[in-house]
Amino acid sequence: MTSASISKAEKSYIQAGLLTSPPRRADGRSLHDFRAIYLETGVAPLSNGSARLSIGRNPLDGSGGTEVLAAVKLEVENIEEQTLDGGRIACNVSCSPSAYPHLSSGALDDLQHDLTTVLHQTLSHPSLHPKNLGIIPRKKSWLLNLDLLVTAEAGNIYDALFLAARAALWDTKVPRTRSVEYKSPKTFLSASGDMDVDQDTRSGFDTRHVAHATDFELPDYWDEGEILEGRERWPVAVTLNLLHTAHFLDATLQEEASCASRLLVVYSHESPTAYTIQSMRMLGSDELSIPHLKKLIKEAEGYTRSMATSLTTKLEDEDFRRNQKAREKFGRRK
Amino acid sequence: MVEITIRKRPQTEAVITQRKFFKKTARGKVVKVLRERYLRDDVACGIEGCRECSTEISRLLPPSGGLEHQLFPNGHYILPDTNVFLAQMDLIESSLFNPPMILLQTVLEEVRHRSLPLYNRLKALTKSEDKHIWVFYNEYRSETAIVREENETPNDRNDRGIRTAAAWYNTHISLTHTPIRGQKQMPHPTVVLITEDAANRQKAEQSGIVSVSVRRYVEAMKDANVLLDLLSAEGSHNIEPTKAAAGRQALYPDYLPTPTLIAGVKAGELHQGHFNANQYNYLEGSVPVPAFDKPILLVGRENMNRAVQGDIVVIEVFPEKDWKAPADEVVDQEAIQKNDDAEDSGEEGDENDEEVFSKESRVLSGSSNQKPPSERQPTGRIVGIIKRNWRAYVCHIDSTSLTSTLTTSLSTQTVFATPVSRLLPRIRLRTRQAPTLLNQKILVTIDRWDSTSRYPEGHFVRALGQVESKEAEQESLLLEFEVPYRPFGKAILDCLPPEGEQWVVPPKGEFDLQNIWRDREDLRDVIVCSIDPPGCQDIDDALHAKLLPNGNIEAGVHIADVSHFVLPDNPMDSEAAARGTTVYLVDNRIDMLPSLLGTNLCSLRPFVERLAFSSIWELTADAEIVSVRFTKSVIKSKAAFTYEEAQIRKDDPNLHDELTNSIRLLNTLAIKLKAKRMAAGALNLASPEVKIHLDSAESSDPIDVEQKELRETNSLVEEFMLLANISVARKIEESFPQTAVLRRHLPPPKTNFEKLQDILRKTKGFSLDVSSSGALAASLDECVDAREPAFNTLVRIMATRCMLSAEYFSSGSVAKDTFGHYGLASEIYTHFTSPIRRYADVLVHRQLSAAIGSTPLHATLHSKSHVERVLDVVNRRHRMAQMAGRASVEFYVGLALKARGEQARARGEPDVREDAYVIRTFRNGVGVFVSKLGIEGLVTFKRDTQFDAENYTITVPGAKEEVKISVFDKVVVRIEVEKDKNTQRGKVKMTLVEPVDSSAF
């Protein structure tokens, strides 16, 4: 996904800069520095959760940088197959043609498809599945649509997408539902005394019990709902751009174009100590030895952890700003 | 220059500016809805002369508030919360209740959310002249707008909003009422929060807002006596809980929550339908549901679970072994619950209660279950109510339930109101006016029916007048059958031609400014006449016939061109659509259209030119149709006959004028048409039709009742109307296959006839072939008993009752093979001939007019759903009108019988006796039909007889030996009209005289 075409001379200049000691990058960052990340949640009021994220935006005029808009929309779905029980997640990434002016529409489709596949496969993995997407067991559940729109691209798109996805999912509230069911009263059973049914011993394997609930209601129309279960689990990705034995983070477009391969590692940090690797991809054509790979994966964990921590802090900040602070401001207005 | 700034609202203010909520759609999807909110500082308080709020609107609240209330001598405004409107709308609507009122937007929206009908009533009130209501948009004024806190329920949020607004008003008033220098300081009026919620009152008082309950507020009002009655039962319990309310035990099972019901119905485990009470047995009801062929039977109070006639209920069906057959006994609630005390009925341990219980349970267990299984019906119980059909009911106060009958007594009493309709339970209500309401017909609404109360609780709405006074009875009849009877409003009358009575058909040619003659045939020279019942004012049809040179006959039916005057979609049209039909009562007529049209402009009076819609056939001498054409026309009728006059004229051999010949020609054709119809299998049905002789138009005291006489000329008119209707139906169906307004009569399901077939086979040995209408007609013809000429009529009446009723429909809404009219044996039918008194005919006129290219069809008549909606109303109105008409006849028959009984007594004769036929047998009585009077009655015995349900006979002890009475037996009954002691309801009471005198048992 080399989206910037640069000359050989430029390429070797950038590579040389990165490999000198101390390394030199065009914007003066060290190898493992990120550009500034801006994040705002609740940007799409009609969605159930949303976020706008940009990396490397010019703080003065707001231009430049990679910008991603993520929104979650929940939809009620009738369950036809057993496998769908408990809801499902569908991710979709679309890229604005203005972000990739040099790509043909076919190439843009391919790119969107690639990005979608990575996001979808990682986020819809059962280990991350929130437990509160079911509505009525075996009848109805929520389909969580996570849509991401890339509005501008200036490098490091994967990290941006995962960060935005995490923020939007964090922000997502699931409307509270109450399932309604009609149970045939027990009197019928006891009335038919000719049947000897032992009522209390129900084994866990007993599948005869079928839930009768067929419909649900919204107990509180005004309530946004509850947060997604396990929102701390949503993973964070880091792209390690590989250049010989060194690696650097948050590459700009030119830097991306000058290194042959990248390693994408996605970690989930449920708590500061517990972490799992959710996904890993090698992008590019270079070779990578196993010991080197191991080392990179280990280092990636450190990066994602600090990203996750600061992201969580920021998200909590956002929650506070949008609710309590806004309310206080409203209260002071009089 | 005015400075215009466009301020984009930043996302950061979303909490204040946006209101988000979820909505569940009918298809089960959840939609998030977002509303932008703009807060302003200039939402006016609505108080006249307020220094800060300027408003252009003139109808403001008085500056000093309402000064008439005892508790608030300094003036006050009331600010009721939502529950007040939900529970006490009758109070708010009362003309005596008019303190200046502030209606908050929060409240208005909540009312709309909870009940749309109440919201509409409230909206109407805010516009009415005699109320002082100011709607304050508190959610849009920046000081009073609030944001929902975290973990706050919507109710709490709204209550807080209401309190905030009340507090704001008080500060606002004190700020704007500051003394002007040099003037005396006036005390300012208070804003009083009215709420039934004690917790809300407490919170309000903490923040310094004056708040009272509705009852306390009304008690201190000027007309408290009258107004307190209007309080619905809901309010009374907070203040003075009845003595043993806490200890009461639930008499009825609780309803399941609505979502559960819907879920159950969706899953097919529960069934939904309209509740029908049984008029013979108040402990039984039934609900027809699509899932079963027979309606679901509900036996006993608990299983009927507080359903009232017409409610949409949800039923759980018992397992099949618990199914029962309907009881064969007459159970009268007045007889069993006679001693029930209104004050404390429903309390545990009450002796009366146990008495009632034991009686009821005896009745229920007595209803035999030894019946053949074939008679068993699906049986179930009501588990919930989807929609109540409660409205105002016409009632009498039950005099025995009064504790004090002194007219001066103003103490509140709990009394029973007995509805006129036997299908309804008694209603318990509290009133201070009980003694004055005795002997009056009153309107009562049901407020609620708790599971702890045997009877529904209601409140008094208004009095209609003395029992048996014509006005009260008539109004009660109209109310009972929901007939809209208000006079036509100005908007409607404005739709009439401005010339009024002076309107005439303009001369043809250049003076025809409105182009009335366009596409109209000049039939003024045709010899047209009308034949109607005597005293008919709304003549909507006229006829003519003449011989053509080729030997064929030209016959024409001319129908008043109502659609020329009633244009689509104007106020008159909407009113007519809502009324659906003209309602004929014995002494009154409730018009569908203003009488200027009905009895003048559209009435095809003789000797004046009138606009008509004509259907003209060329028929062979054998009454075969050669051709038919439809045209708008102008006619000038040459005569208006009654059936009798036309008959005499036709039969007079000396008359040979054109008019008489025309009638004869029509008559011969009609006879042939009828023969053809009969051959095709049309039914000759009978329904008892009687005529009430009124003494004079003024006093309208009935003197006698007789059966209507049918002449040849009746049939003449009928045949031609049928012919016109069928021809028109074909034409419009062809032109508008999706939306043609047609009328059909579905063939009755075979099972409807089962019982009648069985009775006929067992008692008389006749068999009834119900395979088709033709077969039925033939077998009905054979049901003749040489000794009993009335027997055939009786069988016809009973067969008619087994059939379904005819209905209007839109041709696109049902399958084409179900268009047929069973009774007329016609494959297609509509109503075209009475547009003055039936709205369906008006629609048909419009469609026919469009079909012949005379006028374009209004867009609404192209919409299937619109036509369906209109016809639904028309069908319902039609049914109600028939019932109202019948009830009116019944009332007059009752009066006539009473008069006759008095005359008989004056002459020294003992009583009125009539021949009657047994039509039904019960364990403890027989149902009889008095054909001479066209009334049905019930003879009940105090004790059980030997009842043979299989053979429909009962055996009663006679003078010498036991006498067997079976269905179709001729008996003699003594008919008395007795005033029911408790309800003041005139009631026809019948006792057997022959073969045995049943007064002894």
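This one's a predicted model, so the numbers in the text were calculated from it and none came from an experiment.
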Of all heavy-atom pairs linking A/Leu218 and B/Lys23, the shortest is CD1-C, 4.1 Å
Checklist line | Under 3.5 Å donor-acceptor, B/Lys24 side chain and A/Phe216 backbone | finding: yes
Quiz prompt | Side-chain donor/acceptor of B/Lys29 to backbone N/O of A/Val76, under 3.5 Å | solution = yes
Near B/Phe292 CZ, under 6.0 Å, is it more than 12 heavy atoms from other residues, nucleotides or ligands? yes
Honestly, the part of A/Ser47 sitting under 4.5 Å from a heavy atom of chain B is backbone
